[in-house]
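Below you'll find the structure, written out as structure tokens, and then a few comments.
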Amino acid sequence: MVNKIKKINPKQPGEFIFKQQPWGLYWKLMVLFLKSFRRNFRNIFFVFIMPIFFMVIFYFVLRDIYQNGTNMIKAGYILLAPMTAGITSLATTIAEWKNSIFLKRLDVTPVKKWQFISTLIIFYFIVSILSTFWTMLWTIIVDPQPTVKYLATINWGYFILGVILFIFVSIGIGILIGGLAKSVGMAQALALSFYFPSMFLSGIMIPAYVIAGARNIFNDIGYIFPHKYAATIAIYGWNINANPYIYDNPGDLTNKVSLIQAMGFSRLYIPIIVACGWSGGLFILSGLTFKWEVKN
């Protein structure tokens, strides 16, 4: 008896699997993103090596010149990791995909573009969380005993909220740059042109109270960068219990300013609202301007 071979539409198996397993599509995309991330050393360098490099250098160079010791500035160093992951790694990865056949074949798969972008956001959110823990671990390695003691004083609610908003802002900027860039070189140039000014003027590498105390144009420029608001929340949560005040003169304890005012805001709800707005606005703008193909 001869078995009859039934012709099957090649699209049906994939469509059937995705319909029967709603998370199957997202899982396959996550695995695909992970393979792409691991194969490119540039991603590993940007996310897990470069933030540690900057943190160690700035820690040992600047540890003796800030108020209240080095513990107060460690939150900014921890934020370097998700910032680097979202802006530099994500932007260049998207630009690289656009110049290959990867995104060009997306239309012939069951994957919708919004599913692709949403899964990419989830993937880089997880990567950013891991890189944040990785950098926090290194702050303990570099300065173990003081850091461990300081962790017990942190307001984890505000700190985690600030880190999450900071990650979303970084991912939004990365997608925006990667979606607009026509080449990997252009994406790297745009990402680094935004990365370094934001790193110094948003209160990440240089404490916000130092920038505000300078009372010059660079303090005003800092408010332009979306990272400033989310960084303020995270740094506030890191320091509010142990260092609730900043002193104009450390020798005069009566002349003090609250931590949030020293960082340039009258109330904490202001950076929270603005950071939420920046997060949502960047994702909307990225979706409206994203270019799936490179046109000469």
Side-chain angles (χ1 to χ4, degrees), residues 14 17-18 21-52 78-107 109-137 160-181 184 187-188 190-191 194-195 226-227 230 278-287 289-292:
I17 291 174
F18 295 141
Q21 302 177 11
W23 296 104
L25 171 62
Y26 295 97
W27 175 250
K28 292 178 185 297
L29 284 174
M30 292 285 282
V31 172
L32 182 64
F33 293 155
L34 178 59
K35 290 180 179 178
S36 175
F37 185 88
R38 291 172 54 190
R39 288 173 181 172
N40 196 326
F41 178 74
R42 181 190 64 229
N43 294 320
I44 305 298
F45 176 79
F46 279 148
V47 176
F48 296 105
I49 299 177
M50 192 167 81
I52 306 302
I78 292 171
L79 293 175
L80 272 179
M83 183 179 179
T84 308
I87 296 181
T88 55
S89 176
L90 178 55
T92 52
T93 297
I94 292 174
E96 187 176 46
W97 287 345
K98 287 167 60 177
N99 284 273
S100 67
I101 61 173
F102 185 68
L103 292 186
K104 295 178 182 179
R105 292 184 174 180
L106 192 63
D107 290 333
T109 68
V111 181
K112 296 181 176 61
K113 291 180 178 179
W114 69 265
Q115 292 173 322
F116 181 88
I117 292 295
S118 62
T119 310
L120 185 63
I121 292 172
I122 295 171
F123 176 79
Y124 263 88
F125 181 83
I126 296 172
V127 169
S128 298
I129 291 292
L130 292 176
S131 65
T132 301
F133 280 112
W134 170 250
T135 311
M136 187 180 294
L137 175 63
I160 292 173
L161 174 63
V163 170
I164 291 174
L165 290 174
F166 194 90
I167 290 173
F168 282 139
V169 167
S170 300
I171 292 175
I173 295 172
I175 295 176
L176 179 64
I177 292 174
L180 291 174
V184 175
Q188 288 177 335
L190 291 174
F194 191 92
Y195 177 85
H227 284 111
W278 268 117
S279 301
L282 284 168
F283 283 124
I284 293 173
L285 183 61
S286 300
T289 61
F290 196 95
K291 307 296 182 183
W292 290 91

Rounded to the nearest 0.5 Å, how far apart are [atom1] of [X] and [atom2] of [Y]?
| X | Y | atom1 | atom2 | value |
| --- | --- | --- | --- | --- |
| L285 | I175 | CG | CD1 | 11.5 Å |
| L190 | T92 | CG | OG1 | 11.5 Å |
| T135 | L130 | OG1 | CG | 10.5 Å |
| F46 | I87 | CZ | CD1 | 11.5 Å |
| Q188 | T88 | CD | OG1 | 9.0 Å |
| S279 | I284 | OG | CD1 | 11.0 Å |

Check: [Y] and [X] side chains under 4.5 Å, non-hydrogen atoms:
| X | Y | value |
| --- | --- | --- |
| S89 | F48 | no |
| T93 | N43 | yes |
| T132 | I78 | yes |
| F41 | I49 | yes |
| H227 | I173 | yes |
| M136 | V163 | no |

Less than 3.5 Å apart, which donor and acceptor atoms pair up between the side chains of residues 116-123 and the rest of the protein, not counting sequence neighbours?
from	atom 1	to	atom 2	distance (Å)
S118	OG	W114	O	2.9
S118	OG	Q115	O	3.0
T119	OG1	Q115	O	2.7

Specify the closest pair of heavy atoms between [X] and [Y], including all atoms of both residues, with the distance to one decimal.
| X | Y | value |
| --- | --- | --- |
| S131 | S128 | OG-O, 2.8 Å |
| P82 | F166 | CG-CD2, 4.0 Å |
| I94 | G174 | CD1-O, 4.3 Å |
| A91 | A191 | CB-CB, 4.5 Å |

Original post:
When you measure from the side chain of S286 to the backbone N and O of G172, does any donor-acceptor pair fall under 3.5 Å?
Top reply: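 Yes: the side chain of S286 pairs with the backbone of G172.
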Can you pull the salt bridge (charged side-chain N to carboxylate O under 4.0 Å, His left out) pairs that have at least one residue in [range], sequence neighbours excluded?
| range | value |
| --- | --- |
| residues 82-99 | R42-E96 |
| residues 162-179 | none |
| residues 122-135 | none |
| residues 168-179 | none |

Subject >> Sequence-distant partners of W278, side-chain hydrogen bond (donor to acceptor under 3.5 Å, both in side chains), two or more places apart >> reply: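 Residues passing side-chain hydrogen bond (donor to acceptor under 3.5 Å, both in side chains) with W278: none at all.
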Original post:
How are the rings of W97 and F33 set to each other: parallel, tilted or perpendicular (split at 30° and 60°)?
Top reply: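 Answer is parallel, since the angle falls under 30°.
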Original post:
Should the pair F37 and Y124 be assigned to parallel (<30°), tilted (30 to 60°) or perpendicular (>60°) ring geometry?
Top reply: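 Rings of F37 and Y124: perpendicular, as their planes differ by over 60°.
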**OP:** Scan L165, V169, I171 and name whichever one has a side chain to side chain contact (heavy atoms under 4.5 Å, CB included) with I167.
**Re:**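 One option only clears the test, and that one is I171.
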